[in-house]
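Down below is the structure, laid out as structure tokens.
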Amino acid sequence: MQRLVREIPTLRQSGAFQLGGLRSLGVKEWFSEEQIEKRRKDIKDDMSKGYFDNFKKFRDSKGKIFDAPKEIIPASVANKFPLIQCLTPHGEMMEFPAGKRQDSKASLACVSFREGAKEMLMSWSRAFGSAYPDSAEASLFHISIVQHKMMSIWPFRSMLLGSAKNLDLGHPKPVTKLFHFGSGQSITESLDAENNLSAYAFLLDRSGLVRWRGSGMATNEEIEALVRCTDSLVKGK
């Protein structure tokens with residue numbers, strides 16, 4: 001048992017992992033010498049190639065991984081938000097974006113990879129919620145990308161989902177909370193969200209196209225641009 005406790009923190013924090021990880025891999029195989037050694041090597045590679053580089057870039061840019069546009073991105077050149085499989089806090093499977101057309105004319109997807117990015121995520125979320133507290137045409141989503149393999153396994157996954165069920169965000173607008181367990185590569189590559197220490201805000205139109213984006217801690221100027229672009233989508237300008 002002491003050995004297992006020592007090995008648990010060495011699990012790799014990146015790479016695809018199926019929601020049924022415990023069933024697909026098996027407990028004995030998960031804690032086998034071969035798997036333990038593989039995870040040791042993987043986490044060492046991640047730390048040498050990923051975390052410290054991310055930390056330096058995050059520190060130097062203050063979380064601003066890319067510049068937020070001042071105007072709405074034309075649909076003709078906008079990237080599609082990648083389709084990801086998510087779970088709600090109640091354990092229900094949900095795709096995001098949902099279907100070919102979204103229910104709302106504008107949806108703000110606030111994305112984070114780590115709990116430490118919560119303050120940054122909320123800076124976008126609260127401002128958007130305050131601007132559109134009662135609008136059915138402007139939806140708000142919090143998407144947590146959970147890449148740590150151990151958190152994909154019962155009971156850790158259930159504990160994580162359960163903690164979000166009754167979490168009071170003190171928010172002016174209803175928030176749909178979603179969890180994606182596994183790799184966030186599709187988001188990092190297609191949307192330039194390359195640093196998982198930061199938080200991101202993506203404004204989607206009804207077709208799931210990213211018409212505006214922001215990163216790090218929201219500034220007043222960026223919030224004004226976000227509201228401007230959201231109004232354009234909501235009012236059909």
Side-chain angles (χ1 to χ4, degrees), residues 54-84 96-98 101-114 116-145 169 171-176 178 184-237:
N54 276 348
F55 180 78
K56 183 178 184 301
K57 290 179 179 178
F58 179 84
R59 181 194 61 194
D60 294 345
S61 67
K62 295 182 172 58
K64 293 297 182 185
I65 309 306
F66 45 69
D67 294 328
K70 291 182 172 28
E71 303 297 336
I72 195 166
I73 300 172
S76 59
V77 297
N79 290 326
K80 187 90 169 177
F81 194 97
L83 182 68
I84 56 176
F96 186 88
R101 290 179 65 80
Q102 308 306 300
D103 293 334
S104 304
K105 292 181 179 179
S107 300
L108 186 69
C110 297
V111 180
S112 64
F113 296 80
R114 294 173 181 266
K118 182 176 179 180
E119 184 179 358
M120 291 178 283
L121 181 143
M122 293 302 293
S123 70
W124 299 102
S125 178
R126 285 204 175 100
F128 187 83
S130 296
Y132 305 96
D134 303 313
S135 176
E137 295 297 347
S139 299
L140 180 58
F141 296 83
H142 285 183
I143 304 176
S144 298
I145 309 297
L169 298 174
H171 211 282
K173 184 179 182 66
V175 179
T176 300
L178 299 174
Q185 187 175 3
S186 60
I187 292 177
T188 59
E189 290 184 349
S190 62
L191 300 180
D192 298 328
E194 61 185 27
N195 195 307
N196 62 15
L197 299 179
S198 192
Y200 302 89
F202 299 102
L203 180 66
L204 279 58
D205 64 15
R206 184 157 269 175
S207 299
L209 295 174
V210 177
R211 307 297 298 277
W212 190 90
R213 65 180 190 169
S215 60
M217 188 72 72
T219 67
N220 291 335
E221 184 180 4
E222 289 171 331
I223 292 300
E224 290 174 359
L226 170 60
V227 171
R228 231 178 10 252
C229 294
T230 304
D231 282 345
S232 179
L233 293 177
V234 170
K235 298 176 182 177
K237 294 179 180 179

Checking Ser186, Pro82, Ser215 against Leu191 for side chain to side chain contact (heavy atoms under 4.5 Å, CB included), the one that qualifies is Pro82
Would you confirm whether Arg206, through its side chain, and Asp103, through its main-chain N or O, come within 3.5 Å as a donor-acceptor pair? yes
### Any donor-acceptor pair under 3.5 Å from Thr188 side chain to Gln185 backbone
yes
| said: Any side-chain to backbone donor/acceptor pair from Lys173 onto Phe128? Under 3.5 Å, distance only. | reply: no
Distance col, row Leu226:CG vs Trp212:CH2, nearest 0.5 angstrom, shows 5.0 Å
Any donor-acceptor pair under 3.5 Å from Ser135 side chain to Glu137 backbone: yes
Side-chain heavy atoms of Leu204 within contact of Val210, under 4.5 Å:
yes
Using modelled atom types and a 3.5 Å cut-off, is there a donor and acceptor pairing between side-chain atoms of Ser123 and backbone atoms of Met120? yes
Quick note, ring-ring contact (aromatic ring centres under 6.0 Å, His included) partners involving residues 187-211, not counting sequence neighbours, are Phe66-Tyr200, Phe81-Phe202
For Ser198 and Ala117 the tightest heavy-atom approach is O-CB, 3.8 Å
Would you say Arg211's side chain and Ile73's backbone share a donor-acceptor pair under 3.5 angstrom?
yes
request  = Would you confirm whether Lys64, through its side chain, and Met217, through its main-chain N or O, come within 3.5 Å as a donor-acceptor pair?
outcome  = yes
In this structure, CD1 of Ile143 is separated from SG of Cys110 (nearest 0.5 Å) by 8.5 Å
inquiry  = Salt bridge or not between Glu221 and Lys70? Use side-chain N to carboxylate O under 4.0 Å.
reply    = yes
**Q.** Side chain Lys105, main chain Ala138, donor-acceptor under 3.5 Å
**A.** no
Looking at Ala136, is its backbone amide N or carbonyl O close enough to the side chain of Ser104 to form a donor-acceptor pair, meaning the two atoms are under 3.5 Å apart? yes
